Amino acid sequence: MALSPLDSMLWSGLFGDADMAALVSDEAEIAAMIEVERALARAEAAAGVIPPAAGKAIDRGLANLSLDPLSLARGTASAGVPVPALVASLRAHLPEAAAHWLHWGATSQDILDGGAVLRLLRATALLQDRLAALLDRLDQQARAHAATPMAARTRSQIATPIPFGLRIANWAAPLIMLESRLPEVCRTLGRVQLGGASGANAVLGAKAQTVAEALAWELGLAPAPPWGTARVGMAELGAWAAQLSAALGRIGGDLILMGRSEAGEAAAGQGGGSSTMPQKQNPVAAEAMVTLGRMAGAHAGALNGAVLHGEERDATAWALEWMALPPLIVGAGAGLRLAWPLIDTLRPDPAAMRRMLDLGGGAVHAEAAAFALARHMPRAEAARLVAEAAREVGAPLAKAIANRTDAPVDWAKVTDLEPTMDAGAATIEAIFAERSARPRLPEC
């Protein structure tokens, strides 16, 4: 069993995501911290905090520099963070006069958090693009199947007829809400961090705000006061990613149920084979989406615990963030990667759906029948009569009801699916109208 299937050589093809994994890798973390150190030197030189020549030497000397993560491992274990070892290594690559000014007035958290924000914003930009593409395809599929009738299930039992397109639109509904929220999540996350040793920026003094604003500009972030103990941005991103994974898992779960051998209402993607049963086409991708959705809930709970950040820096909470947030990001990416080909190749079987509608003699029309009868008798009596008729095994529901009452009901109209399809199509339109009507979302 791997430490994590998300980055296991054996399992990551199923549960992982190469693009997201690259952004949370050791190499990417080191590169982002170097990026922050270079930007800090430029900002401090522009503000007159360090000599301009030193700022240029640091910026140029660290450009295109890459370090082996193993070279920082011992120092990380000793200090509890990689920054002291990183700074020592970077100084070795600089002229002595410039090395003196490297990391001036900053603390480990400034560099580590700054690099994390850069990488997480790049990850959210990828997630935003993938989510938009998935929603476009869900929109197309929902409209394509707006007149394909199927039996809805409530609490796992057949309920009433709906268009298959409505189920697809309901898959999209939480994703549309999540898409609309992402720019605000990015805005909360994308703030510069510069607080110095204890958040007061004592070394930078009167120049602290000027340097912070310049650093924000250099990194493409928003200016902000130090937020070292205010972990809201990290927590909001993690919660968003967890909800995304859960919404994708719901799609996977429904596809598993619809593809059961005895139902066969829809297929998607390519099934996986069995080692012993040649007939099997296991819903591997859909299963993985459900697993990722369940996993995300556990990591989101842990990440929420990291918000409880004591005093001016709390390494117990800070480290918990490093353990919980990367799996949420990689898992969300993997869920979107798995979902796209399933939605793109979604194939309903109208004949199988019709068989489900006909189960129990058409008991799926019981609600419509009860309301039709309620126009001619008390509603409770109508419901009781329909329930009795539905229990008459093997008899068509409409006929069983007609044998119990002479109420002048047009039973062909009751069982006509066209009005239901029309109503469902209107709901599909309303769900996607929320997305099409809003202004173009800013990119993360």
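The chain is numbered in sequence order, starting from 1. Bear in mind the structure is a predicted one, so any value in this text is a computation, not a measurement.
Separation of atoms CH2 (Trp240) and CE (Met177) is listed at 13.0 Å; rounding is to 0.5 Å. Here the straight-line distance linking atom CD1 of Ile158 with atom CG of Leu359 works out to 4.5 Å at 0.5 Å rounding. Note that the CD atom of Gln141 and the OG1 atom of Thr345 stand 8.5 Å from one another [nearest 0.5 Å]. Considering CG of Leu248 and CH2 of Trp340, their distance stands at 13.5 Å, rounded to 0.5 Å. Between Leu134 atom CG and Glu179 atom CD the span is 10.0 Å, to the nearest 0.5 Å. Of the inter-residue distances, the one linking Leu336 atom CG with Leu244 atom CG reads 5.0 Å to the nearest 0.5 angstrom.
Across all their heavy atoms, Gln128 and Cys444 have their closest contact at OE1-N, 3.0 Å. The shortest heavy-atom contact between Val364 and Ala151 is CG2-CB, 4.3 Å. The two residues Ala242 and Leu328 make their nearest non-hydrogen contact at CB-CD2, 3.9 Å. Of all non-hydrogen atoms in Glu27 and Pro69, the two that sit nearest each other are OE2-CG, 3.9 Å. In this structure, Leu219 and Ala39 approach most closely via the heavy-atom pair CD2-CB, 3.5 Å. The nearest pair of heavy atoms linking Leu112 to Glu29 is CD1-OE2, 3.3 Å.
Annotation: Arg347, atom CZ; neighbour count of heavy atoms from other residues, nucleotides and ligands within 6.0 Å is above 12. Surrounding CG of Leu65 are more than 12 heavy atoms belonging to other residues, nucleotides or ligands, all under 6.0 Å away. Summarising the local packing, CD of Glu388 is surrounded by more than 12 heavy atoms from other residues, nucleotides or ligands at distances under 6.0 Å.
Of the options Arg122, Arg130, Arg119, a salt bridge (charged side-chain N to carboxylate O under 4.0 Å, His left out) to Asp19 is made by Arg130 and by none of the others.
Using a 4.0 Å cut-off between charged side-chain N and carboxylate O, Glu429 and Arg143 make a salt bridge.
Classified by interplanar angle (parallel below 30°, tilted 30° to 60°, perpendicular above 60°), the ring pair Phe164/Trp171 is perpendicular.
Judged purely by distance below 3.5 Å, without hydrogens or angles, the side chains of Trp227 and Asp113 never pair a donor atom with an acceptor atom.
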